[in-house]
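Numbers here simply count residues along the sequence, with the first being 1. As a basis for the values below, the full set of heavy atoms in this structure was taken, side chains included, without hydrogen atoms, waters or symmetry mates. Everything numeric in this text was worked out from a predicted model, so none of it was measured.
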Amino acid sequence: MSDSDHQTLSTVDGNTFVAMCLERAGVDRMFGVVGIPVTSLANRSVGLGIRFIAFHNEQSAGYAASAYGYLTGRPGILLTVSGPGCVHGLAGLSNATVNTWPMVLISGSSDQKEMGRGDFQELDQIEAVKPFSKYSAKATDITKIPSCVFSVLDWAISGRPGGCYLDLPTDVLHQTISDTEAHKLIDDAESCRNKELIAKPIVQHSEIEKAAALLRKAERPLIVFGKGAAFSRAENALKNLVERTGIPFLPTPMGKGLLPDNHELAATAARSLAIGKCDVALVVGARLNWLLHFGEPPKWSKDVKFILVDVDKEEIELRKPCLGLVGDATKVVEMIHKEIKDDPFCLGKSHPWVEALSKKSKENVSKMEAQLAKDVVPFNFMTPMRIIRDAILQLGSPAPIVVSEGANTMDVGRSVLVQTEPRTRLDAGTWGTMGVGLGYCIAAAVASPERLVVAVEGDSGFGFSAMEVETLVRYQLPVVVIVFNNGGVYGGDRRNPEEITGPYKEDPAPTSFVPGASYHLLIEAFGGKGYLVGTPDELKSALAESFSARKPAVINVTIDPYAGAESGRMQHKN
């Protein structure tokens with residue numbers, strides 16, 4: 001072997017070096033769309049044992065990366081090309097940051113010496129990501145790659161999790177260093193990682209005593225928990241606290257399943273009464289934003305005392321609760337439980353507050369079940385949702401991960417579908433983002449291969465990312481997508497006669513799609529299984545077959561276009 005051959009074999013380029021750093025950091029999955037200048041980076045990553053899931057669109061890939069971060073507790077990685085690829089990736093990055101999920105967007109960028117001259121896909125990407133990125137790093141030289149990779153990964157999970165950005169200029173990806181130097185740089189960067197970033201704040205014992213005292217003295221206490229508690233894996237701590245104290249609980253939509261929806265202390269079916277009358281609310285890993293009516297009257301009592309548990313001090317300062325506990329949800333709840341355990345109390349089933357919530361829950365469940373019991377054909381939203389609920393519950397454990405997206409479809413699904421296990425519900429989240437469905441499905445299937453994934457989608461929500469059904473088929477992921485097809489956004493043409501005017505009045509309504517669209521044929525074009533259903537028996541048969549097969553499938557459910565209503569903010573009528 002010549003000296004030049006030996007030298008070639010013992011050097012690594014920037015693409016390989018990034019892959020080596022990601023592998024050292026424990027990254028095992030990556031989502032994205034390849035092209036110049038990052039195709040080699042994807043290939044090198046695969047060669048080092050990182051599974052790369054290739055999408056059609058960076059937007060869907062970004063939603064997948066954000067959900068993967070939530071489901072695993074480790075940063076989800078999105079890889080894109082420069083310029084427009086990075087811009088498309090901002091959908092996922094912003095979604096991760098708003099939902100407080102750890103994610104890293106990695107984008108190639110223009111050659112540094114050509115910046116400002118109109119280079120291919122040129123964009124100041126560091127500036128472009130600023131509103132959505134907790135922390136951004138640009139590897140200006142190949143030797144900077146390890147410190148940049150480790151820093152964005154650490155920042156993504158520090159404090160309140162969120163999105164971070166790594167910029168990889170084309171010229172840096174083409175630079176080379178010796179294999180020996182590469183390993184030394186990785187070792188050095190790893191030893192210098194800022195461990196304080198990942199450390200969780202410690203809550204003072206005196207604050208825990210105050211929290212326990214507030215709960216003990218409360219006449220109508222309530223425990224509210226959200227997806228922050230789910231991210232923290234707080235289910236066992238919450239179960240112990242709820243069952244020791246007998247305090248009713250209320251999950252946010254993605255907090256559902258941390259404790260089973262059918263738990264006797266669940267107050268979901270009496271939500272309005274629970275939040276309207278409680279006098280002390282322990283809020284764990286949930287923000288007092290629009291989803292919880294900002295913690296303000298008239299939905300909440302003006303005298304309610306909030307105990308807010310959040311990993312972010314700024315969130316507590318913003319909300320100004322009666323008591324704020326800054327720390328990891330699981331640890332704080334465990335500390336409160338321990339404090340109460342030393343001087344125990346329990347409300348008991350005959351406690352007036354528990355009785356009132358139980359009575360109201362039973363009344364509301366009874367009303368809903370009466371509606372659900374009817375087989376309405378052509379389908380409204382309730383009949384197929386009941387059939388889907390029952391089919392999912394029959395599967396037992398491990399429960400499927402349910403992805404819920406749409407307007408009426410998501411609203412009805414939130415009330416009807418039952419979550420019995422943690423982190424088994426993904427929906428539009430804090431931002432009410434439409435288009436997340438297929439990306440979330442793919443993330444769930446990759447993160448939890450032992451679980452079936454069932455998406456219950458409106459036809460509008462499905463349309464945002466429908467081409468990713470090819471991705472389902474390509475990777476043979478166990479995902480069943482159920483499309484509620486009512487011919488449009490909210491359901492076809494909902495205009496009043498006086499609204500149908502002007503030179504383009506013959507155009508379809510802004511809310512309308514092609515009536516009777518054959519969404520089930522889309523997946524068949526790629527070798528998946530499609531079903532068209534319009535009756536209870538047809539739906540039951542399609543669910544039984546597709547759930548059993550655990551293969552990519554689309555079930556096109558024909559819904560009455562006049563069923564449902566316009567939906568924006570969450571409507572809670574119970």
Side-chain angles (χ1 to χ4, degrees), residues 27 29-32 57-80 85-107 123-138 148-149 151-167 197-198 200 226-232 252-255 285-292 310-319 326 328-329 405 423 426-436 439-440 443 447 464:
V27 171
R29 302 288 187 273
M30 195 186 302
F31 307 89
N57 183 299
E58 293 96 347
Q59 190 171 356
S60 292
Y63 292 143
S66 68
Y68 187 82
Y70 167 67
L71 291 168
T72 65
R74 305 190 307 275
I77 310 297
L78 169 64
L79 181 65
T80 81
C86 176
V87 170
H88 293 164
L90 294 181
L93 188 71
S94 57
N95 190 64
T97 297
V98 171
N99 282 293
T100 71
W101 298 340
M103 173 186 159
V104 173
L105 166 62
I106 302 176
S107 294
L123 175 68
D124 184 347
Q125 291 164 201
I126 294 287
E127 194 63 30
V129 304
K130 245 182 196 172
F132 314 113
S133 176
K134 285 179 66 181
Y135 174 84
S136 299
K138 183 169 187 169
C148 288
V149 169
S151 63
V152 292
L153 290 169
D154 290 344
W155 273 96
I157 58 171
S158 70
R160 164 163 284 172
C164 292
Y165 174 65
L166 174 60
D167 192 274
L197 265 183
I198 307 173
K200 303 295 183 186
K227 60 180 180 292
F231 180 80
S232 174
T252 66
M254 281 182 57
R287 286 169 284 177
L288 294 176
N289 56 20
W290 70 277
L291 285 159
L292 288 172
D310 200 284
V311 77
D312 183 23
K313 184 180 179 183
E314 289 182 10
E315 178 66 23
I316 287 171
E317 290 172 348
L318 171 68
R319 306 298 175 185
V326 182
D328 174 68
E405 177 181 32
R423 292 166 297 280
L426 296 168
D427 63 24
T430 305
W431 236 10
T433 312
M434 290 295 108
V436 296
Y440 281 10
F464 280 82

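Legend: residues meeting side chain to side chain donor-acceptor pair (under 3.5 Å) with Asp310, ordered by chain and number and at least two apart, are Arg160. Checked against ring pair (Phe, Tyr, Trp, His ring centres under 6.0 Å), Phe31 has the following partners two or more places apart in sequence or in another chain: Tyr68. Tyr135 meets the ring pair (Phe, Tyr, Trp, His ring centres under 6.0 Å) test with Trp155; sequence neighbours excluded.
Taking each heavy atom of Gly226 and Thr252 in turn, the nearest pair found is CA-OG1, 3.2 Å. A pairwise comparison of heavy atoms in Gly429 and Trp290 identifies O-CZ2, 4.1 Å as the closest pair. The minimum heavy-atom distance between Leu90 and Ala128, with the atom names listed, is CD1-O, 3.9 Å. Residues Val311 and Pro161 approach most closely at CG1-CD, 4.5 Å, considering heavy atoms. In terms of heavy-atom proximity, Lys134 sits nearest to Cys164 at CB-SG, 4.0 Å. Closest heavy-atom contact between Ala443 and Ala64: CB-O, 3.2 Å.
Atom NZ of residue Lys138 and atom OG of residue Ser107 lie 11.5 Å apart, to the nearest 0.5 angstrom. A distance of 11.5 Å separates CD of Glu127 from OG of Ser133, quoted to the nearest 0.5 Å. Thr430 OG1 to Met254 CE: the interatomic distance, rounded to the nearest 0.5 Å, is 8.0 Å. Taken to the nearest 0.5 Å, the CG atom of Asn99 stands 9.5 Å off from the OG atom of Ser94. For the atom pair CD1 of Ile77 and CE of Met30, the computed distance is 6.5 Å after rounding to the nearest 0.5 Å. Summarising the geometry, atom CD belonging to Gln59 is positioned 13.0 Å from atom OG1 belonging to Thr80; distances are rounded to the nearest 0.5 Å.
Using a distance-only test at 3.5 Å, with no hydrogens or angles considered, no donor-acceptor pair links the side chain of Ser232 to the main chain of Asp328. Of the possible polar contacts, one joining the Thr97 side chain to the Gly163 backbone as a donor-acceptor pair under 3.5 Å is found. With hydrogens and angles disregarded, a donor-acceptor distance shorter than 3.5 Å links the side chain of Glu405 to the backbone of Gly435. Counting only distance, with no hydrogens or angles, the side chain of Arg319 and the backbone of Arg287 share no donor-acceptor pair below 3.5 Å. Here the side chain of Ser66 pairs a donor or acceptor atom with the backbone of Tyr63 at under 3.5 angstrom. The backbone N or O of Ala96 lies less than 3.5 Å from no partner atom in the side chain of Trp431, so there is not a single donor-acceptor pair.
Exactly one of Ile106, Leu105, Leu93, Val104 qualifies for a side-chain contact (heavy atoms from CB on, under 4.5 Å) with Leu78. That residue is Leu105.
Using a 4.5 Å heavy-atom cutoff, the side chains of Asn95 and Trp101 are in contact. Side-chain contact check for Val129 versus Cys86: some heavy-atom pair is nearer than 4.5 Å.
If you check the side chains of Thr100 and Lys227, you find no donor sitting under 3.5 Å from an acceptor.
Remark: Glu314 CD is loosely packed, at most 12 non-hydrogen atoms of other residues, nucleotides or ligands lying under 6.0 Å away.
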